[in-house]
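Notes to accompany the following structure.
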Amino acid sequence: MDARSSRYHEVYARWQRDPQGFWAEAAREIDWFEQPKAVFDAKAGIYGRWFPGGVCNTCFNAVDRHVNAGRGEQAAIIYDSPLAGVKRTITYHRLMTETQVLAAMLRDLGVQKGDRVILYMPMVPEAVIAMLACARIGAIHSVVFGGFAARELATRIDDAKPKVILSASCGLEPGRIVAYKPLLDEAIALAQHKPESCLILQRPQAQAPLVAGRDHDWAAMRDDALVHARSVYECVPVAATDPLYILYTSGTTGRPKGVVRDNGGHMVALKWSMKYLYGVEPGDVYWAASDVGWVVGHSYIVYAPLFHGCTSILYEGKPVGTPDAGAFWRVISEHGCAALFTAPTAFRAIKKEDPQGKLLAQYDLSKFRALFLAGERADPDTVVWAEKLLKVPVIDHWWQTETGWAIAGNPVGLGLLPVKHGSPTVAMPGYDVRIVDDASREVAAGKMGSIVVKLPLPPSCLPTLWQADQRMRESFLDEFPGYYKTADAGYKDEDGYIFVMGRTDDIINVAGHRLSTGGMEEVLAAHPDVAECAVFGVKDALKGEVPCGFIVLKFGVNRPPAEIEKECVALIRDKIGPVAAFKLAIAVARLPKTRSGKILRGTIKKIADGDKWAMPATIDDPVVLDEIGGALKGRGVIGSPA
Ligand code: COA
Ligand code: AMP
């Protein structure tokens, strides 16, 4: 690998010289019903809009056009579920037929262009078909991850106001069946907005009772000849700037942000990324081991591989335990995957169970060309372990729900740049990444600062938050005028390599899942015996970080603190969901605060992580930090006040 043998610098410079020309060329890879009137309109939207005047359809580009081009018999989706014991291949032709039928079912339920449809689904092919069927008729989908509890689903129902919700009787987790339907019913009861109907997929592992007049049985409707007769053969033309989907992500408060994705820019950027960042070709088998409920699932299980004419793997299983730490090698060899994209956590889990990688010997990975990691910081130990074991490039890349594709990466398709462990390499074309101080002044190479992107953002990035333009400005654009705030901190070295070190807000990354500690604090604060609380992420060898909460009990509460701690753990699981992985609440007498009353969360975290920390000048009572350190040690959280 030599920086000079990569075309990256030439391509990035081409984008810098002529951004619009660059994206105009990329847009030629998309089938438009009507060509855009411009590549970019700086005056439209909040910071400009991509491909205004363009008319297109995302489902057409993901499915129909490949059938028209002769790819009908190629596998579009391979569903591989060790949890259900099922494997199923869906060709592009079959996928087209299924989206046509589901589109008809949605129309029968009253869904029209612009209506929202929530999906609360496990990792089954119907989830992918549902996303595409919405796109086919111009409806806006919003997928809610199955590990979220009813209250989280209710918040999203109230924000998106869906006409219809698509769900299933259950999801499957190792050793347990997660009944989704009671969670859905509870969410609808909690929400102010009521969907007109729900379409329920009854899985063989659990049957859910249906609510008369509201719920419909998916299979019965799908098999109805009259519905088939109404199959939606056309792909409804939508504006390039119309929303394709809303994906809620943790914000700085418990209220999630509805990230909006458009149709045109999304297709253009994702299609570009498949060839030049991931280095895959149409016909290749591509596997993103994530969940359709996350942005990685949206972009790289569903949309990008299909735009590119690849075969995408839909895996309902875990990296370990389904049945063992060789599960990923089995899938790669069985289906001939060219690339795997997952979170570093998955590899840490495999490394923990099979440190020598012995299970790999049973499998043929000759078609496997590259491993991509994102979703959280890729620790160099894990990257080096994977490099040695797999003997293919291991590529860390950095992005966010808001962007929909990589801000920084090492572009395989342009020729790899030398790897620097701990860095997701360089900015992708479209992103002018800067490191700035609090006054928006650029800092020198090697110095830490806030990572920002000079506006405009490239295609696929969020044009706004769902019906919340002002929140979009406040959250991302106001703090550093002229820039998009990533809310990540880090630095750039002399070679332009970006190092992403952590968030500047209350977001933590737990096993690659993005969670808000503020949201967890809201839940704990609602416990009748809790006076105040502080939730923070503690370093974890497997999950990267796990949440931990301090609670201060109300004066006069004389129940055993251990009992209340247990209730707090259960409360987070009940209100946010098991995915929060909140297992530790610690009752303390008081919290460390500044003289103005601000809780010193940063210092608490450093103590918990065993990092070096300095006594904050503004602290009210330094003794409290000793108490905190003692409490953490008492619970086995490694913390040694420096
Ligand atoms: N529906 C219901 N519950 C779910 C769920 C879903 N879709 N996904 C996860 N959960 C539950 C899990 O069962 C677990 O419950 P538990 O507390 O009863 O054990 C809890 O949520 C936490 O899940 P998770 O963080 O996934 O931890 P885990 O211990 O089950 O597995 C890993 C650990 C490393 C194997 C797992 O996190 C993993 O595969 N990570 C890959 C990374 C990834 O997919 N990232 C997504 C973004 S790229
Ligand atoms: P999400 O929106 O869930 O994809 O989470 C986005 C956040 O995850 C980013 O803002 C980062 O904090 C973190 N993240 C994602 N990828 C990386 C990476 N490669 N290195 C470091 N942090 C990452």
Side-chain angles (χ1 to χ4, degrees), residues 118-123 127 142-162 165-195 198 200-201 203 206 208-209 211 246-251 253-258 291-294 297 401 506-528 530 533 535 537 543 546-549 551 564-585:
I118 280 189
L119 275 65
Y120 185 59
M121 304 273 299
M123 287 282 285
S142 186
V143 185
V144 179
F145 177 62
F148 282 124
R151 198 188 71 132
E152 292 285 327
L153 178 56
T155 317
R156 287 152 175 82
I157 294 173
D158 276 334
D159 199 70
K161 301 194 169 41
I165 300 183
L166 273 50
S167 190
S169 54
C170 67
L172 305 177
E173 285 292 296
R176 75 190 163 104
I177 293 169
V178 185
Y180 277 21
K181 186 60 180 15
L183 298 172
L184 173 67
D185 291 340
E186 190 187 336
I188 294 174
L190 285 170
Q192 301 283 319
H193 172 86
K194 309 290 176 195
C198 297
I200 308 297
L201 182 77
R203 300 189 76 185
V211 174
I246 308 165
L247 179 55
Y248 288 90
T249 188
S250 302
T253 66
R255 195 159 68 88
K257 293 178 175 143
D291 187 288
V292 288
W294 304 117
T401 305
D506 74 335
I507 302 286
I508 56 169
N509 240 295
V510 181
H513 309 315
R514 175 168 160 176
L515 297 157
S516 157
T517 53
M520 295 187 212
E521 288 181 3
E522 279 175 21
V523 171
L524 295 183
H527 187 290
V530 171
C533 61
V535 177
K543 297 193 177 192
V546 288
C548 170
I551 50 171
I564 300 168
E565 289 170 354
K566 254 185 158 171
E567 287 167 10
C568 284
V569 169
L571 201 59
I572 299 254
R573 193 178 173 93
D574 183 47
K575 299 288 180 208
I576 296 179
V579 70
F582 183 86
K583 311 263 173 181
L584 188 60

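- The line from CD1 of Ile507 to OG of Ser516 is 5.0 Å long, rounded to the nearest 0.5 Å.
- Side chain of Ser169 to main chain of Ala206: a donor-acceptor pair is present (N/O by atom type, distance under 3.5 Å, no hydrogens or angles).
- Around atom NZ of Lys566, no more than 12 heavy atoms belonging to other residues, nucleotides or ligands sit under 6.0 Å away.
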Could you walk me through whether Asp574 and Arg151 pass side chain to side chain contact (heavy atoms under 4.5 Å, CB included), step by step? CA-CA 8 Å; Asp574 183 47; Arg151 198 188 71 132; over 6 Å; no

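- When all heavy atoms of Phe582 and Leu584 are compared, the pair lying nearest together is CZ-O, 3.6 Å.
- Checked options Thr155, Asp159, Leu153; the residue passing with Tyr248 is Asp159 (criterion: side chain to side chain contact (heavy atoms under 4.5 Å, CB included)).
- No side-chain donor-acceptor contact under 3.5 Å links Ser142 and Arg156.
- Side-chain atoms of Ile188 and Pro195, non-hydrogen and from C-beta on, do get closer than 4.5 Å to each other.
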Begin from the C-alpha positions of Leu190 and Asp158 and carry the test side chain to side chain contact (heavy atoms under 4.5 Å, CB included) through to its verdict. CA-CA 9 Å; Leu190 285 170; Asp158 276 334; over 6 Å; no

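- Among pairs with a residue in residues 177-187, those fulfilling side chain to side chain donor-acceptor pair (under 3.5 Å) read Lys181-Asp185, Lys181-Asp215, Asp185-Arg214, at least two apart in sequence or across chains.
- Between atom CD of residue Glu152 and atom OH of residue Tyr120 there is a gap of 10.0 Å, rounded to the nearest 0.5 Å.
- Contact record, Val292 with Ala127: CG2-CB, 4.1 Å, taken as the closest heavy-atom pair.
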